[in-house]
Protein chains: 4
Amino acid sequence: MEKYKELRRECYEANQLLPKLGLVLFSFGNVSAFDREAGVFAIKPVGVDYAAMQWEDIVVVDLDNQVVEGRLDPAPDARIHSVLYKSFPGIGGIVHTHSTYAVAWAQAQRDVPLYGTTHANHLAVPIPCTEIMADERIAGDYETETGYQIVDCLMARDLNYQNVPMILVAGHGPFTWGDYAANAVYNAKVLEKLCRMAAITEQLNSATPPLKAALVNRHYNRRHGRRTSFGQN
Amino acid sequence: MEKYKELRRECYEANQLLPKLGLVLFSFGNVSAFDREAGVFAIKPVGVDYAAMQWEDIVVVDLDNQVVEGRLDPAPDARIHSVLYKSFPGIGGIVHTHSTYAVAWAQAQRDVPLYGTTHANHLAVPIPCTEIMADERIAGDYETETGYQIVDCLMARDLNYQNVPMILVAGHGPFTWGDYAANAVYNAKVLEKLCRMAAITEQLNSATPPLKAALVNRHYNRRHGRRTSFGQN
Amino acid sequence: MEKYKELRRECYEANQLLPKLGLVLFSFGNVSAFDREAGVFAIKPVGVDYAAMQWEDIVVVDLDNQVVEGRLDPAPDARIHSVLYKSFPGIGGIVHTHSTYAVAWAQAQRDVPLYGTTHANHLAVPIPCTEIMADERIAGDYETETGYQIVDCLMARDLNYQNVPMILVAGHGPFTWGDYAANAVYNAKVLEKLCRMAAITEQLNSATPPLKAALVNRHYNRRHGRRTSFGQN
Amino acid sequence: MEKYKELRRECYEANQLLPKLGLVLFSFGNVSAFDREAGVFAIKPVGVDYAAMQWEDIVVVDLDNQVVEGRLDPAPDARIHSVLYKSFPGIGGIVHTHSTYAVAWAQAQRDVPLYGTTHANHLAVPIPCTEIMADERIAGDYETETGYQIVDCLMARDLNYQNVPMILVAGHGPFTWGDYAANAVYNAKVLEKLCRMAAITEQLNSATPPLKAALVNRHYNRRHGRRTSFGQN
């Protein structure tokens, strides 16, 4: 019996958006879709290329990372996803990619400054980049610690996951989330574009000031309360 | 009855050129087409993706931003367009995008210097970038004020809309216009290419001088009086 | 009667390679194909987009720029081509584009340094960039003068057209040539790639030395005497 | 009789991946596939474009570079490949490309620093760049010397070919290898992406530190022992 067929299909479709949007190379990345009522999420299996993937390959795990449906092993990053689903009530999808510009900012260990209204249409603060993970955390359950690292970074800056649906893990790469898996993919693509535009902006004017608060608020509030998804902005 | 079917179709076709030319991500951007005799323009509705859009989704509004035909709400940017149609007699189409290099220059708050003949074939001056909008304007009718900001910038520099069919709104992004919607799209693509070439030029030689006047005039005048549109240059 | 049907078809096919290779935007560029025996060349007409072009649109002109076959007007740049055909005995095709990186180097008014073996496989010297055209030349027959500018630049540096099949006209863009139109297109694509790789090289190491002579010669001579064309290197 | 039909087909398929993955322009590059038991390898012939190539064009040579099957001449770079097959027991495929960012780092004569986990997932050290070849080597059997240059560089740094499946030859470009030809192509694509991300990282933060050892080891060891190939990571 396939109880989570619909969830797996949603996860499959969202995973397929990654290569379509130019966000992944080979199998570098993963999308999960959460069923909050059931307390389980569907995620890409380890080691299956996007081109070869079928919805039947998608694995369903619970929040303790135990497989509840599917033949294959989940991506090890599932442990990161479960931390986020437990910590961010209300999100329904998570995306991790190695998209080029987002990884470059993460490697440069810098927040992405808020330089323009394209950014402010989506979030009202710079895109946060975590600290490099402490050695004791690396030595522990690395994937779980990566999840905590994300949660701690938002908390330390007094940001909430609803207003800031994207983060860079220093030296690693981007994670995004959303109401549904497809929203999280949307945010992953927006993040990559913001990262690219900010990089070029700094090349053109290394003294570019952040966008002033009045403009940030005007744009961010225009969007606030509206779902941002494919076809919704 | 659909009085403005033809205008909506023209608008639809021009909007579809944006993704085809790589100028938009998701629904970030809009094209309008003006019927000067009737005093109305067709514009993209709010929140409809380019892939899903049909000509029937296009909305027609008058210069007071009242819907005169169509089921959907117009893009909020319609108020920017109506200011430009009122201020620039003779234009028949307007485009706004968040294309990558044009946004980067807008975010860097810089005019795009006139470095070569590709630029001079289209305009004889740097591509103007407005000032960052004043707080009192932001607090007002923001979209209408964005329109005035564009008009005021050209006026303050003694430029006219016929010779300068493109502008960058600081911290925001590009607006272009033309005789028809398709010309405005053409200008949006040319602008993006000029922005990219100028960025690379400065990387190669940070002391690149502007193109000398004799060459600017030779190229600009060779084109002057000829329609620049798809297939016309 | 269509005496030059074959020449026009060759010219048409070579023109169509430009958009296929990502070398042109809209109608910015042109390819010509020369029949040295007949003393005429086929060239793209003015103002016809690549997508809409048919072989019947191609125009044949003589070396005095008089149309000898075809319904349309030749590109004004035909006068540049005729100077080059007269000055470079043995070439059979010429290409002019506004490809992004080649234009950026031309706008930066710099020769493209010889940094690697990809470059040395094609030419043993930096890619020359002309001086900015003198005012008296601009005031004259501009296109013809552009041709002379190219010829003079090679001569002043004691370079010959056989060993250096590409040049940048300062503030303008690239011209390339070859035994046939298709070779000239090949050179236009190689030029764009060399320009892009050299730009990134300088970003990575602003003190990158030119490739040493022993390596330049080893690579250049390995190719010397062999036709470089599609499928021939 | 075609004894090596299967090997030639494997080589053909792997060569066709290069244009598909955006790693080659025209015929700049080559892939070989090794049959260690037979002591022969299949390689791309000289001067055949990827688009026109058929498996029958692939040539089989022994480790003394003598053709043992096939009608065409092998790429001159076959002599590089034979040195590597003799020196790196266990590899089954080699790739050489002129991919843009990898060539740029090679021209800049720099190792690619290890800035992030995408890199550490594949190798635990910077991507090595050889010295510029000494004049006496250039004057000798150039291709064979290029092979020795690669082997010597790894040895001088106490690196082994199993842990470091990629290298940049200074002033020239990248070489990669793997268990099979397809793995070597995978590594060529990963290398290009790492080179691009590192270039952007340095643009964003010229003082970016290398990724700390604890993170490098955590990521590298997570992969160690697992085959990295299409669909396997």
Side-chain angles (χ1 to χ4, degrees), chain A residues 17 20-23 99-101 112-122 126 182-183 185-223 225-233, chain B residues 22 24-29 45-53 57 75-77 96-113 129 131-143 145-146 168-174 195-196 198-203 206:
Chain A
L17 288 171
K20 195 176 159 192
L21 291 169
L23 293 172
S99 67
T100 304
Y101 279 86
V112 183
L114 198 172
Y115 287 136
T117 62
T118 322
H119 186 137
N121 283 339
H122 295 89
N183 297 96
V185 174
Y186 170 92
N187 287 331
K189 182 67 180 179
V190 167
L191 169 59
E192 178 66 8
K193 187 175 170 76
L194 296 178
C195 286
R196 185 167 181 227
M197 295 197 310
I200 302 167
T201 299
E202 294 194 350
Q203 182 199 326
L204 294 171
N205 180 0
S206 59
T208 300
L211 194 67
K212 71 178 179 181
L215 273 173
V216 172
N217 294 334
R218 187 66 187 72
H219 273 263
Y220 184 67
N221 294 331
R222 187 162 71 159
R223 294 293 197 91
R226 289 175 49 207
R227 294 249 173 274
T228 53
S229 68
F230 292 99
Q232 294 299 316
N233 61 309
Chain B
V24 291
L25 175 63
F26 302 130
S27 60
F28 304 5
V46 67
V48 174
D49 242 22
Y50 288 98
M53 197 187 296
D57 297 329
D77 286 350
H96 171 49
T97 78
H98 287 248
S99 67
T100 303
Y101 280 86
V103 167
W105 282 92
Q107 293 188 157
Q109 302 177 23
R110 292 185 55 197
D111 296 354
V112 183
C129 180
E131 301 281 310
I132 285 283
M133 197 186 281
D135 284 355
E136 56 273 24
R137 284 187 154 191
I138 298 170
D141 177 353
Y142 178 67
E143 283 80 14
E145 293 293 346
T146 302
L168 302 174
V169 175
H172 189 152
C195 285
R196 184 167 182 226
I200 302 167
T201 300
E202 294 194 350
Q203 181 198 327
S206 59

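Quick caveat, the model's predicted, so the values are computed rather than measured. Order of the sequence lines sets the chain letters (A, B, ...), proteins ahead of strands, with each chain counted from 1.
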Suppose we screen for side-chain hydrogen bond (donor to acceptor under 3.5 Å, both in side chains). Which residues come up paired with B/Glu143, at least two apart in sequence or across chains?
A/Arg222, B/Arg79
Can you say whether A/Lys189 sits under 4.5 Å from chain B via the side chain, the backbone, both, or neither, judging by heavy atoms?
both
Determine the option with the most heavy-atom pairs under 4.5 angstrom with chain A, choosing from B/Ala106, B/Gly173, B/Gly171.
B/Gly171
Reported CD-to-CG distance for the pair B/Gln109 and A/Asn205, which is rounded to 0.5 angstrom
7.5 Å
For A/Lys193 and B/His98, indicate whether the former's side chain and the latter's backbone hold a donor-acceptor pair under 3.5 Å.
yes
Any donor-acceptor pair under 3.5 Å from A/Arg196 side chain to B/Thr100 backbone:
no
Where do B/Ala108 and A/Leu204 come nearest, in terms of heavy atoms and distance?
CB-CB, 3.8 Å
Using 0.5 Å steps for rounding, measure from the CD1 atom of A/Ile200 to the CH2 atom of B/Trp105.
11.0 Å
Could you tell me how the ring of B/Phe28 sits relative to the ring of A/His122: parallel (under 30°), tilted (30 to 60°) or perpendicular (over 60°)?
tilted
Sort A/Leu211 into side chain, backbone, both or neither according to what part of it lies under 4.5 angstrom from a heavy atom of chain B.
side chain
Given heavy-atom pairs under 4.5 angstrom as the criterion, report whether the side chain, backbone, both or neither of A/Thr117 touches chain B.
both
Chain A contact via B/Ala102 - which portion, at a heavy-atom distance below 4.5 Å:
neither
I would like to know whether B/His172 and A/Leu215 meet side-chain contact (heavy atoms from CB on, under 4.5 Å); could you show each step before the answer?
CA-CA 9 Å; B/His172 189 152; A/Leu215 273 173; over 6 Å; no
Closest non-hydrogen atoms of B/Tyr142 and A/Arg218, given as atom of the first, atom of the second and distance, are CB-NE, 3.1 Å
Distance, nearest 0.5 Å, that separates CG of A/Leu21 from CG of B/Leu25
7.5 Å
Should A/Gln203 and B/Glu202 be marked as a side-chain contact (heavy atoms from CB on, under 4.5 Å) after you check the CA-CA gap, both sets of side-chain angles, and the distance that decides it?
CA-CA 9 Å; A/Gln203 182 199 326; B/Glu202 294 194 350; 5.8 Å; no
Tell me, side chain or backbone of B/Ala52 under 4.5 Å from chain A's heavy atoms, or both, or neither?
neither
